[in-house]
Amino acid sequence: MMESSLQSPRFERGAKPNNSIVRVMGLEFRNCLGIAAGIDRTGCHLPSLSALNLGHIEVGTITDPRDLQIDRAGQRPGSIIGVNVGSGKSGFSEEVFADYRVCVAAALHVADYIVLNFSNDAVDRNSRSDGAAVIVARAKLQVEEYRSRTQRHIPLLAKVNAGTSGQPLPMPRTSAAQLDGFVFVGGGICRIAELRKALPDHGIVSVGGVLTENDVQARSHAGADLVQIHRAYTDGGATHVERMRVTLEHGIAS
């Protein structure tokens, strides 16, 4: 659901999965489970995906604002919609910066949160680079300008590869300080716990290798606020995802 009033952009530790509601980054999610970007790349499938009654659905990655097809009227009440944005071009250039800018601008009107995608190794965009810092800083300005006009806070996140235990943070703290949260790809339970300790005031979303409700609980217990599924949906379909959600909400995962 879209926030209609000014919200704190920072973190409010929410409930664990079997308590259902999670409050984080100024948003209220009805449960911790969500659909990862890549399932619905444009937003055209939101009406059917929202019928799963998950906590959130992340659309994208959007690399051209013309691809964004979100109709808020077509989704069920309570659905939190994220929009994941990026560029189809490699590296960092003014063209790449422009792609992120126009996609963020389009997403602001339909998203409950926005994710800057730096996780695609094929496009060679290191999340610790100066180029990534430019994208984060410019997107932060866009979000703040939108907030001043509309009194709506749109949380800004970055999607990055989590790395392994003992490695530096996937993004320098100067850039991380401008974000409300991260979507961490992979990394394992120990790495999630490590990132939670290092980033106590950020929302943490974990994605990658989540196939069962027990995987979701393990990520949550390690410190993730939200957990996204991709393969669990593509392999098991809506029935499997629905069973995962019900099991988590009743607190009966082993």
Side-chain angles (χ1 to χ4, degrees), residues 2-3 6-12 24-27 37 58-65 67-68 81-163 167-185 187 195-196 198-205 207 225-226:
M2 288 191 173
E3 294 288 334
L6 194 64
Q7 295 287 333
S8 169
R10 284 304 173 201
F11 176 76
E12 180 184 350
V24 65
M25 301 180 295
L27 297 174
E58 191 168 305
V59 171
T61 299
I62 298 295
T63 58
D64 184 328
D67 293 335
L68 197 56
I81 305 302
V83 176
N84 183 304
V85 304
S87 171
K89 305 176 183 70
S90 295
F92 294 102
S93 66
E94 285 301 327
E95 288 184 330
V96 168
F97 298 152
D99 286 343
Y100 276 87
R101 179 182 57 78
V102 296
C103 290
V104 168
L108 283 169
H109 301 287
V110 292
D112 294 306
Y113 69 88
I114 295 173
V115 181
L116 306 173
N117 191 357
F118 299 108
S119 68
N120 185 356
D121 292 335
V123 295
D124 191 26
R125 264 194 289 281
N126 189 326
S127 59
R128 293 189 56 83
S129 66
D130 291 342
V134 169
I135 290 171
V136 170
R138 292 183 180 182
K140 179 67 171 179
L141 284 175
Q142 288 180 270
V143 169
E144 290 299 318
E145 289 170 359
Y146 181 80
R147 183 178 186 178
S148 68
R149 295 196 312 269
T150 65
Q151 301 301 294
R152 283 191 62 237
H153 169 66
I154 308 294
L156 183 65
L157 296 80
K159 184 172 185 177
V160 298
N161 293 311
Q167 287 187 327
L169 286 176
M171 182 168 281
R173 288 191 179 274
T174 51
S175 292
Q178 300 180 74
L179 298 168
D180 300 288
F182 287 92
V183 180
F184 286 122
V185 181
L195 293 168
R196 173 79 284 163
L199 299 164
D201 296 327
H202 286 73
I204 289 182
V205 186
V207 64
D225 302 292
L226 305 170

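Side chains included, hydrogens not; waters and symmetry mates left out as well; all remaining heavy atoms used.
To the nearest 0.5 angstrom, Asp180 atom CG is 7.5 Å from His202 atom NE2. Remark: Glu58 CD to Asn84 CG distance equals 5.0 Å, nearest 0.5 Å. Note that the CD1 atom of Ile62 and the OG atom of Ser87 stand 13.0 Å from one another [nearest 0.5 Å]. Here the CG-SG distance, from Asn117 to Cys103, works out to 11.0 Å after rounding to the nearest 0.5 Å. Atom NZ in Lys89 sits 9.0 Å away from atom CZ in Arg125 (nearest 0.5 Å). Atom OG of residue Ser119 and atom CZ of residue Phe182 lie 13.0 Å apart, to the nearest 0.5 angstrom.
Nearest heavy-atom pair, Phe184 versus Ile204, reported as atom, atom and distance to 0.1 Å: CD1-CG2, 3.8 Å. Taking both residues in full, the closest heavy atoms of Leu27 and Pro155 are given as CD1-CG, 3.9 Å, listed atom of the first, atom of the second, then distance. Across Ile114 and Ala111, no two heavy atoms sit closer than the pair CG1-CB, 4.0 Å. In plain terms, the two heavy atoms of Val96 and Ser90 that are nearest each other are CG2-O, 3.9 Å. For the pair Ala198 and Leu169, the tightest heavy-atom approach, listed with the atom from each and the gap, is CB-CD2, 3.8 Å. When every heavy atom of Gly203 is checked against every heavy atom of Val24, the shortest pair comes out as CA-CG2, 3.8 Å.
Proximity of a side-chain donor or acceptor of Ser127 to a complementary backbone N or O of Pro170 within less than 3.5 Å is detected. When atom types are taken as modelled, the side chain of Arg196 and the backbone of Leu199 share a donor-acceptor pair closer than 3.5 angstrom. In this structure a side-chain-to-backbone donor-acceptor pair under 3.5 Å is missing from Arg152 to His109.
With contacts defined as side-chain heavy-atom distances shorter than 4.5 Å, the pair Thr61/Lys159 does not qualify. You'll find the side chain of Lys140 reaches within 4.5 Å of the side chain of Leu156, heavy atoms only. The shortest distance between side-chain heavy atoms of Met25 and Leu157 falls below 4.5 Å. Using a 4.5 Å heavy-atom cutoff, the side chains of Val143 and Leu108 are in contact. The shortest distance between side-chain heavy atoms of Phe97 and Arg138 falls below 4.5 Å.
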Evaluation steps, side chain to side chain contact (heavy atoms under 4.5 Å, CB included), between Asp121 and Asn161: CA-CA 9 Å; Asp121 292 335; Asn161 293 311; 3.2 Å; yes
Side chain to side chain contact (heavy atoms under 4.5 Å, CB included) between Leu116 and Val104, worked out: CA-CA 8 Å; Leu116 306 173; Val104 168; 3.9 Å; yes
Stepwise side chain to side chain contact (heavy atoms under 4.5 Å, CB included) test for Thr63 and Asp99: CA-CA 7 Å; Thr63 58; Asp99 286 343; over 6 Å; no
Full working for side chain to side chain contact (heavy atoms under 4.5 Å, CB included) between Val185 and Val160: CA-CA 6 Å; Val185 181; Val160 298; over 6 Å; no
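Ionic pairing of Arg101 and Glu145 is not present here: no N-O contact between side-chain nitrogen and carboxylate oxygen is shorter than 4.0 angstrom.
The aromatic rings of Phe92 and Phe118 are tilted relative to each other, their planes meeting at an angle between 30° and 60°.
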